[in-house]
There are 2 protein chains.
Amino acid sequence: MDDAPQSDALVDATAAAIRARIMSGDIPIGAQLRQAELAKTLGVSRTPVREALRQLQTGGLIEVVPHRGAVVRVPAPWDVRETYEVRAELEGLACERAVPRITRDGLDDLRKANEALRPGAIRPDGSSTVANDSFHTLIHGIAGNERLARVIKEINEAFPRNVSALVLQDNPRHREDNFAEHERIITALAADDAETARREMQAHVISAGEQLARWYERRSATVFRG
Amino acid sequence: MDDAPQSDALVDATAAAIRARIMSGDIPIGAQLRQAELAKTLGVSRTPVREALRQLQTGGLIEVVPHRGAVVRVPAPWDVRETYEVRAELEGLACERAVPRITRDGLDDLRKANEALRPGAIRPDGSSTVANDSFHTLIHGIAGNERLARVIKEINEAFPRNVSALVLQDNPRHREDNFAEHERIITALAADDAETARREMQAHVISAGEQLARWYERRSATVFRG
DNA sequence: CATCATTTTGTTGGATCCAAAAGTAGCGTA
DNA sequence: TACGCTACTTTTGGATCCAACAAAATGATG
């Protein structure tokens with residue numbers, strides 16, 4: 001089950017490569033994306049790069065202005081908040097749907113995924129991001145609605161991942177909150193309490209969005225000063 | 001605020017043209033889309049057609065298999081149901097958000113939009129589709145969350161519009177239900193009752209999705225027989 | 001007569017080429 | 001010295017060309 005159903009190998013690989021470099025912060029926010037440069041770096045022609053850029057553009061990760069080129073999109077804080085309100089709603093739905101469908105094994109998987117996020121646990125760099133992702137992805141899988149999973153995935157791809165990681169890793173308090181919120185969600189799922197599960201998940205996502213929005217606020221402030 | 005932020009004029013226009021022809025049923029479901037043919041028809045080169053097709057592909061309206069070309073996607077009934085469950089959630093959120101934001105003028109606009117859908121009113125062909133759309137679009141505008149509006153728009157673009165129109169126009173009963181459901185939504189909005197507004201809108205979308213899914217079920221059945 | 005291999009045709013995918021547009025720098029004039 | 005105009009450079013957008021791949025048709029063989 002691919003996100004882009006199926007198409008050419010090259011342009012999808014190219015898009016994935018560019019997206020990865022943006023997500024990882026290798027290409028910073030606001031940076032210009034020159035087609036020729038990308039083509040040379042990735043060892044392909046300009047054609048697949050162009051189509052990859054278009055694909056990323058429809059995803060909202062980059063912006064393309066007619067004859068000036070593509071830049072990595074700099075999201076405004078209100079945009080982050082709006083997006084996370086939508087995402088909260090959808091994640092809440094996924095969580096609610098997961099309640100009647102979850103098994104003991106599923107609960108175990110979730111607990112294990114969250115255990116990797118326990119504050120104070122030793123972990124290699126960047127692993128918290130994937131662990132965090134996998135927690136949500138597990139729930140999407142249990143929810144059993146492919147379209148829902150896909151829409152959430154698309155929404156997530158609108159913002160560079162490394163920023164979320166930064167937000168999480170910078171502040172130990174955030175790590176603790178994140179872990180505790182996940183635990184509450186697991187508890188509600190285990191208790192077969194759909195209402196609570198949804199509410200907890202919504203609150204969790206909203207809070208994550210708020211932290212992210214604040215990060216962008218601080219960032220734009222410093223940028224304006226500098 | 002365009003759906004595709006901004007980019008080349010030609011490829012967006014091309015994508016819009018192709019999408020319009022699919023949505024209107026001019027290009028039927030399951031039809032093959034030959035790039036050269038489209039290019040000739042639209043009076044452009046194959047390049048913008050290719051990129052337009054890729055754009056439509058990420059939207060999910062068409063499917064592209066590596067060396068065999070693009071076809072208009074034939075949605076499975078379960079896919080329709082899944083999609084409409086997601087859409088119901090989001091439209092419900094929009095409706096809830098609209099409650100504290102709606103004005104008397106906004107209510108009037110909604111009433112007027114629904115009046116165009118009154119069963120028994122005389123209307124030219126196809127106008128019911130746009131009237132139906134405008135009812136929802138109005139609410140999205142009032143809800144005041146651009147990302148939400150955009151996500152719903154993208155979801156809607158996953159299925160040809162003419163099918164929804166068919167579903168609506170075929171059965172007078174559906175027209176009546178549709179009208180009544182809209183009225184209930186307006187009533188809840190006017191009563192400042194967020195809970196009910198959300199619930200009514202959700203039920204409305206779910207019901208529309210069910211009708212659409214049934215239509216596709218009947219269609220696939222006849223196709224298999226034929 | 002059926003089945004498999006081979007050839008042929010049609011269509012897409014990728015690369016290169018050419019044109020158009022915008023930004024920039026340099027020069028000239030007020 | 002400052003402002004404006006022009007020419008140049010850079011980069012994207014569109015068209016055309018060539019190769020790869022898949023399907024269909026045709027012929028040969030069991």
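The figures here come from the full heavy-atom set of this structure, side chains too, leaving out hydrogens, waters and symmetry mates. Below, chains carry the letters A, B, ... as their sequence lines are ordered, and counting in each starts from 1. Keep in mind it's a predicted model, so treat the numbers as computed, not measured.
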Which one, C:dA15, D:dG14, D:dT12, comes nearest to the side chain of A:S45? C:dA15
Walking DNA chain D from its 5' end, the first of A:T47 and A:R68 to be reached, judged by nearest nucleotide, is A:R68
For B:L33 and A:G43, take the nucleotide of DNA chain C holding the closest heavy atom to each; which residue's nucleotide lies nearer the 5' end? B:L33
Expressed in angstrom and rounded to an integer, what is the separation of B:E63 atom CD from C:dT12 atom P? 16 Å
Between C:dT11 atom P and B:K40 atom NZ, what is the distance in whole Å? 12 Å
Select base, sugar-phosphate, or nothing to describe what B:L53 touches, counting heavy atoms under 4.0 Å on all strands. nothing
From B:L56 CG over to B:E157 CD, what is the distance, rounded to the nearest 0.5 angstrom? 9.0 Å
Quick one: CE on A:M201 to CG on A:L93, what's the gap to the nearest 0.5 Å? 11.0 Å
Kindly say whether, by distance alone, the side chain of A:R54 makes a donor-acceptor pair under 3.5 Å with the base of D:dG13? no
If we count only N and O atoms by modelled type, under 3.5 Å, do the side chains of A:E91 and A:H140 hold a donor and an acceptor together? yes
Check this for me: does the side-chain of A:R50 come within 3.5 Å of the base of C:dG14 through a donor and an acceptor? no
Between atom CZ in A:R46 and atom P in D:dT11, what is the gap in whole Å? 11 Å
Specify the separation, in whole Å, of atom CD of A:E51 and atom C1' of D:dG14. 13 Å
Rounded to the nearest Å, what distance is computed from the CG atom of residue B:L10 to the C1' atom of nucleotide C:dA19? 14 Å
Between P on C:dA22 and CZ on A:R34, what's the gap in Å once rounded to a whole number? 18 Å
Judged by modelled atom types alone, do B:Q55 and B:D12 share a side-chain donor-acceptor pair under 3.5 Å? yes
B:H67, nearest nucleotide to its side chain (from D:dA22, C:dA20, D:dG14): D:dA22
From D:dG13, D:dG14, C:dG13, nucleotide with atom closest to A:V64 side chain: D:dG13
Ranking C:dA20, D:dA15, C:dA15 by distance to the side chain of A:P48, first place goes to C:dA15
List in chain and number order the residues that pass side-chain hydrogen bond (donor to acceptor under 3.5 Å, both in side chains) with B:R198, two or more places apart in sequence or in another chain; answer none if no residue qualifies. A:E89, B:E96
If only side-chain N and O atoms of B:Q35 are considered, is one of them under 4.0 Å from the OP1 or OP2 phosphate oxygen of C:dG13? yes
